[in-house]
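Working notes, beginning with the structure itself.
All ligand and atom numbering here is 1-based and tracks the order in the structure.
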Amino acid sequence: MKYIIGNWKMNMSAGEIVAFTRGVKKYKIPKNSNVQFGLAVPYVYILGMAKIQDHVWIGAQNVSEHDNGAFTGEISASMLGDVGLDFCIVGHSERRSLFNETDEQVNAKIKKLQEYDVMPLLCIGETEAQYEAGSTKEVLLSQITKAFEGIDKTKSIIVAYEPVWAIGTGKSASVETIRETVGFIRGEIRKLLGHNDTPILYGGSVNPSNSNAILRNAQVDGALIGGASLDADKFMQIASSLF
Ligand code: 13P
């Protein structure tokens, strides 16, 4: 199975979502394509999306690490499970850098999602300074180890390698870098979980011009797509690299 997952971040309107859905439906997806689509949408559009999208996983972009209670403005894992969400992004670098989210919070969020059977999609990645300093592997290992501390190893989780310097910059990591880094992540996750079943995606400036090379040659299980997932044509052109 391969995964094409869009992260809409804080974008889209109700009208744009209708246009996106129409746009996607123009494309024929081969029956044997074995591609699972997913969209991480802003909370307010989640229920509407569930009605218009068949066979597409609908997910959230964040979740509270707390149980229901007095946390004004927060959304709990129990609520995400209640409305039948398929997955939820955790630890996106924008949440880590703009909202000071810690590895401990990321770990608590994964555990809460597992409790309510919403699959976590964990994002990890190094900053440009860490990349330049040659500490990518050390950073990733620390993020994975802390995120996985005490989680239920029998439940599914997806991991996305998103180098921070490649997000929204138009500067994707090279196929060689992705292949090597994802290979490293795969090995470390195997050691931590004791199995090889965790899909690992790449994210960071994936677009229709580089998707073929990345999805076919970088030994990834799919892509997590930001900017290009706002446009139905670009999103489906990226996916068609896998058909
Ligand atoms: P871009 O595809 O816009 O670089 O964003 C990637 C991302 O952050 C997905 O979570």
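Where the criterion is an N or O separation shorter than 3.5 Å, residue side chain and backbone included, N7 meets it with respect to ligand 1. Taking distance alone, with nitrogen or oxygen atoms compared against 3.5 Å, G226 approaches ligand 1 more closely than that limit. Between H92 and ligand 1, a contact under 3.5 Å exists for at least one N or O pair.
Here OH of Y3 is found 11.5 Å from CZ of F87. Values are rounded to the nearest 0.5 Å. Put simply, CD1 on I5 and CD1 on I89 are 8.0 Å apart, with the number rounded to the nearest 0.5 Å. One finds the CD atom of E149 at 11.5 Å from the CD1 atom of I110 (value rounded to the nearest 0.5 Å).
Residue pairs meeting the side-chain hydrogen bond (donor to acceptor under 3.5 Å, both in side chains) criterion with at least one member in residues 214-229, sequence neighbours excluded, are R186-D221, N212-R216.
The closest protein non-hydrogen atom to atom 3 (O) of ligand 1 is G227 N, 2.8 Å. The nearest heavy-atom contact from the protein to atom 7 (C) of ligand 1 is E162 OE2, 3.2 Å.
Contacts between A160 and ligand 1 below 4.0 angstrom, taking non-hydrogen atoms only, are absent altogether. Residue contacts with ligand 1, taken as heavy atom pairs separated by less than 4.0 Å, involve I167 via backbone and side-chain atoms alike.
With salt bridges taken as basic N to acidic carboxylate O contacts below 4.0 Å, one links K191 and E188. A salt bridge links D103 and R96; the closest N-O separation between the charged side-chain nitrogens and carboxylate oxygens is under 4.0 Å.
For the pair A166 and ligand 1, a heavy-atom separation below 4.0 Å is found. Ligand 1 lies nowhere less than 4.0 angstrom from a heavy atom belonging to A228. In this structure, G203 does not count as a contact residue of ligand 1, since none of its heavy atoms falls inside 4.0 Å of the ligand.
Listed by chain and residue number, I46, A60, N62, I75, L80 satisfy the side chain to side chain contact (heavy atoms under 4.5 Å, CB included) test with Y43 (two or more places apart in sequence, or in another chain).
Of all atoms in ligand 1, numbered sequentially from 1 with element shown, those under 4.0 Å from a heavy atom of G168 are 1 (P), 3 (O), 4 (O).
No side-chain donor from either of T145 and S142 sits under 3.5 Å from a side-chain acceptor of the other.
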